[in-house]
Structure formats: C-alpha cells, structure tokens
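Following: one structure in structure tokens, then a few remarks.
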Amino acid sequence: MLEKLLSDRAQNLFRDLRPRYEEPHRSHHGVAHIVHCQRVFLTIEDIVANKEAFELALIFHDAIYDVGAKSPLNEKNSANLMMSASPYDREVTQRAYLLILATADHKIPPIEDESFTQDCALFLDIDNSVLGSPPDEYQRYANNIRQEYLTVFSEEEFNRGRQSFLEGMLDRESIFLSRHFRNRIESIAQRNIRNELSHLQVPPSPGKRF
C-alpha cells in the first residue's frame, strides 16, 4: 500500500527500509506511521518547497528506532543511514538530513532559509499530525505508544514520561508550527491531549518523554 503512495525513487528506497519498519517492537513507529505521514504529505505537497528532500526525510525519519535510546541517537542514526543511501544530489540530501534531525526535539533549527523553515514546520507537523486525529484514531495511537514503550519501561515510568510529553505539548505556544496545521487540527489535538492526560494518574516528574 505505501509503495503506491511514493515516488519511484522513494519506492526503491523503501523496499530496503521496510524490514526495519516491520520490527516487532514497533507498535507505533512502523509502516502504518509512514503511511499516515505520506498520505498527509500528499494533501499538502503543493505548498512544500522541496518535495524530494521532504519525501526522502519522511521515509527515513524513523528508520532506526530503539525504544530505549536517548534522544537524539535514533534521529542521528536514521539521518546517517539516509545519507549513505540517498540517490539525490548533495543539496536535497543535506536538506533531508536536517529535517530528520529536527524530529529529535520538534524544533525548527535556526537556519536562514525561509523555504527550509516553512518545509521544516510542515514536516514536524506531519510527524505529530496524529495528535489531531478523530478520537478513535487518537486512542489507537495512544494505545500503540503505550504498547511500544512497555517493551522497555515499567507502567509507572511510561505514565510519568507520557504525562511529561503531553503537558509539554500543551505548554507550547501552539502544538503545530505551521499555520496550515494550526488552522485545521490544533483545537482537536489539544482536546485529545487533555483527554488522555485526564486518564494518567501518575504525578509529573522529570525524565523521559513519550
């Protein structure tokens, strides 16, 4: 299914990536996540400045995913894997590299390139767009995240980390960085997050964010 959504070059690359995304510990960060992201990308591709770099980063951004790894190890490893496999020129490849690294903290790097800044905001928002999904889809996402992290962390550790992540999202000026996503799903995402938080009973404490 995913390959039909991808460009020819991306299809060829994803054939080698698919086994990584099918690893058994990936309840959320698997093929379905990349399908979701690619489908959203196709709805906004007309406003993306560099489509090749965007799609390249999209299919590689979770290529290496160790649940227990400290940020930004997974992101750096995924970006480096992309660099070694990219069939594109240096400009496209470097742009994709920076997009992948930005997913570590979901902040736009201070680069003086307006088109990159705009693309990066859209890219990070696509990665988080599940937060603005309908309630049943959001609940599946939340369940999958829980299942994924419980392969490494205890229930208490997960609840604390998840609460920290969710409260951190609400503490931001806005969950989404681009006007496109803010206008469409910001209020839905805030409602979903508050609902999930209402079911987490562990008091917040410093630590990992899930």
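Just the heavy atoms: all of them, side chains too, but no hydrogens, waters or symmetry mates, feed the values below.
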Tell me if a side-chain donor or acceptor on [X] pairs with a main-chain N or O of [Y] at a distance below 3.5 Å.
| X | Y | result |
| --- | --- | --- |
| K76 | L101 | no |
| D119 | A49 | yes |
| S154 | E157 | yes |
| S164 | R160 | no |
| S78 | E75 | no |
| Y88 | A53 | no |
| N77 | I64 | no |
| N192 | S133 | yes |
| E148 | H28 | yes |
| H106 | A102 | no |

Query - Test: E91 and R95 ion pair at under 4.0 Å - result: no
Minimal non-hydrogen separation, [X] against [Y], with atom names:
| X | Y | answer |
| --- | --- | --- |
| F181 | I44 | CE1-CD1, 4.2 Å |
| H29 | I145 | CE1-CD1, 4.0 Å |
| A85 | L13 | O-CD2, 3.6 Å |
| R182 | F176 | CG-O, 3.2 Å |
| S86 | T93 | OG-OG1, 2.7 Å |
| I111 | T117 | O-OG1, 3.6 Å |

Query raised in the report: Are R26 and N144 linked by a side-chain donor-acceptor pair shorter than 3.5 Å?
Result: no
**Report entry** Polar contact flag, side-chain donor to acceptor under 3.5 angstrom, N143-Q147
**Finding:** no
[X] versus [Y]: any side-chain heavy-atom pair under 4.5 Å?
| X | Y | answer |
| --- | --- | --- |
| R9 | E55 | no |
| Q11 | D8 | yes |
| Q190 | L170 | yes |
| L58 | D127 | no |
| I126 | Q38 | no |
| L122 | F54 | yes |
| R172 | L177 | yes |
| P109 | F116 | yes |

Does a sphere of radius 6.0 Å around [atom1] in [X] hold more than 12 heavy atoms from other residues, nucleotides or ligands, not counting ones at 6.0 Å or beyond?
| X | atom1 | result |
| --- | --- | --- |
| R15 | CZ | yes |
| K107 | NZ | no |
| E22 | CD | yes |

From [X] [atom1] over to [Y] [atom2], what is the distance, rounded to the nearest 0.5 angstrom?
| X | Y | atom1 | atom2 | value |
| --- | --- | --- | --- | --- |
| L17 | M82 | CG | CE | 11.0 Å |
| S129 | I188 | OG | CD1 | 11.5 Å |
| L197 | L166 | CG | CG | 4.5 Å |
| L2 | R18 | CG | CZ | 6.0 Å |
| M83 | L56 | CE | CG | 10.0 Å |
| I34 | F41 | CD1 | CZ | 13.0 Å |

Report task. Give a yes or no on whether the ring-centroid distance for H33 and H61 is below 6.0 angstrom. Result -> yes
Query raised in the report: When the aromatic ring centroids of Y21 and F14 are compared, is their separation below 6.0 Å?
Result: yes
Report task. Verify the cluster assignment for L73 and Y149: are they in a single hydrophobic cluster under the rule of side-chain heavy atoms below 4.5 Å apart? Result -> no
Query - Worked check of side-chain contact (heavy atoms from CB on, under 4.5 Å) between F123 and V48 - result: CA-CA 9 Å; F123 186 80; V48 172; over 6 Å; no
Query raised in the report: Are V31 and V35 close enough, and set up right, to give a side-chain contact (heavy atoms from CB on, under 4.5 Å), and what steps lead you there?
Result: CA-CA 6 Å; V31 175; V35 170; 4.1 Å; yes
Report task. Could you please spell out the steps behind the side-chain contact (heavy atoms from CB on, under 4.5 Å) verdict for V152 and F158? Result -> CA-CA 9 Å; V152 174; F158 171 79; over 6 Å; no
Report task. Kindly indicate, with the supporting measurements, whether the criterion side-chain contact (heavy atoms from CB on, under 4.5 Å) is fulfilled by D66 and H25. Result -> CA-CA 9 Å; D66 175 356; H25 66 280; over 6 Å; no
